[in-house]
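In what follows, chains are A, B, ... by sequence order, proteins preceding strands, each numbered from 1.
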Protein chains: 2
Amino acid sequence: MKENIEKLRGRGLKVTPQRLAILEIFKRDRTHPSAEKIYKKISGKYPGMSFATVYNTLSKLVETGEIQELDIDPDKKRFDPYTPMHYHFYCKRCKKVYDIDYGGSFAPDIKKIRGHQIDSIQLNFKGVCEDCIHQRGGRRP
Amino acid sequence: MKENIEKLRGRGLKVTPQRLAILEIFKRDRTHPSAEKIYKKISGKYPGMSFATVYNTLSKLVETGEIQELDIDPDKKRFDPYTPMHYHFYCKRCKKVYDIDYGGSFAPDIKKIRGHQIDSIQLNFKGVCEDCIHQRGGRRP
DNA sequence: TTGGATGCAAAAGATTTGCACTCCC
DNA sequence: GGGAGTGCAAATCTTTTGCATCCAA
């Protein structure tokens, strides 16, 4: 709790119960949830949370670098609160996003390419995840 | 022309004027166009092309591997007919997508990670492109 | 001939916006 | 007190779908 308050203050954002609830979700949820999933999780326990606030807060958190927006799910935006360098695997069948730890196999510290200023890098793998391959119930999103 | 006909036949797809028009666009357009941009370009010269057909054809071309769907523009899907291994840079300001040639700096030939079957890999860089940095009219999408 | 393609318009999703109200600092 | 944040609903934008018609093989 205190931790989340500090995160917001540190980013220059006002502390509100809605924002704390969203950060709390991220602390437990490593599934790279979409805005809708976050909204549903919260509105279950915390009535009086609107879509607008979820989107609003998420974009503030992305802007300030507290979380990252992933471009990996072709259907919707996914969000990741885990900021150390790592990659992602997206299962086309169950739509789960897995973290892939950074193995140091390429140079992610590039700051410029051909005159373009680089702010972020995403390495995305797509395919079928182990659970889905073995049909262990990983098939449903 | 003949080239495009062969591409479709080779993929087991029926040859229609609409599909040829779309392939023709890709032959000239290296801007990684979205479905809407393709639709607009064609409906200018070729009235009687519907959105449905554009989406339909694009998904067939993606399914068969003739083109690639990029997850790099947070707003919409972009398509790339250039299939050799390469990466992409997305300018947050002008929304252009640039090809970045593959320099062999990491191993893109992985077929499996932790039991997950890998079908495709995308390495995406995001930031501000050279034109936008120097405000050479690259700012408008 | 015949199943795949197309066109149209409506529908479905995801995300954004306008605006009045609220409450954090 | 003031401005950022919130809630609600409507709007926007992208993509999908249903279905009748059409046409390439």
(message) Please verify the inter-ring angle class for Phe125(A) with Tyr87(A); under 30° counts as parallel, over 60° as perpendicular, anything in between as tilted.
(response) tilted

(request) Rounded to the nearest angstrom, tell me the gap between atom CG in Leu23(B) and atom P in dA5(C). (result) 13 Å

(message) Over the length of the helix from dT1(C)-dA25(D) to dC25(C)-dG1(D), how much do the five-pair end axes diverge, rounded to 10 degrees?
(response) 40°

(request) For the pair Lys27(A) and Glu3(A), find out whether any cationic side-chain nitrogen is under 4.0 Å from an anionic carboxylate oxygen. (result) yes

(message) Does the protein touch nucleotides 7-15 of chain C at the base, only the backbone, or not at all? Give it as B, S and - per nucleotide, heavy atoms under 4.0 Å.
(response) BB-----SB

(request) Compute whether any side-chain donor of one residue and acceptor of the other, for His88(B) and Asp80(B), lie under 3.5 angstrom apart. (result) yes

(message) What residues from residues 58-72 of chain A pass a heavy-atom cutoff of under 4.0 Å to DNA chain D?
(response) Lys60(A)

(message) Does either side chain, that of Asp101(B) or that of His86(B), offer a donor lying less than 3.5 Å from an acceptor on the other one?
(response) no

(message) Connecting only ILVMFWY residues whose side-chain heavy atoms lie within less than 4.5 Å of each other, what is the rest of Tyr82(A)'s hydrophobic cluster?
(response) none

(request) Would you confirm whether Gln122(A), through its side chain, and Asp71(A), through its main-chain N or O, come within 3.5 Å as a donor-acceptor pair? (result) yes

(message) Would you say Arg19(B) places a side-chain N or O within less than 4.0 Å of OP1 or OP2 belonging to dA24(D)?
(response) no

(message) So if I define the base as every atom that isn't primed, P, OP1 or OP2, how would nucleotides 20-25 of chain C read as a B/S/- string at a heavy-atom cutoff under 4.0 Å?
(response) ----BS

(request) Mind calculating the distance between CD1 (Ile22(B)) and C1' (dT6(C)) to the nearest angstrom? (result) 11 Å

(message) Between C1' on dG5(D) and CG on Leu8(A), what's the gap in Å once rounded to a whole number?
(response) 12 Å

(message) Show me the pairs that pass ring-ring contact (aromatic ring centres under 6.0 Å, His included) and involve residues 48-69 of chain B, at least two apart or across chains.
(response) Tyr39(B)-Phe51(B)

(message) Does either side chain, that of Gln117(B) or that of Asp119(B), offer a donor lying less than 3.5 Å from an acceptor on the other one?
(response) yes

(message) Tell me if the aromatic rings of His32(B) and Phe79(B) count as close, with their centers under 6.0 Å from one another.
(response) no

(request) Before accepting this row, confirm whether a basic side-chain N of the pair Arg30(B)/Asp99(B) lies closer than 4.0 Å to the acidic partner's carboxylate O. (result) no

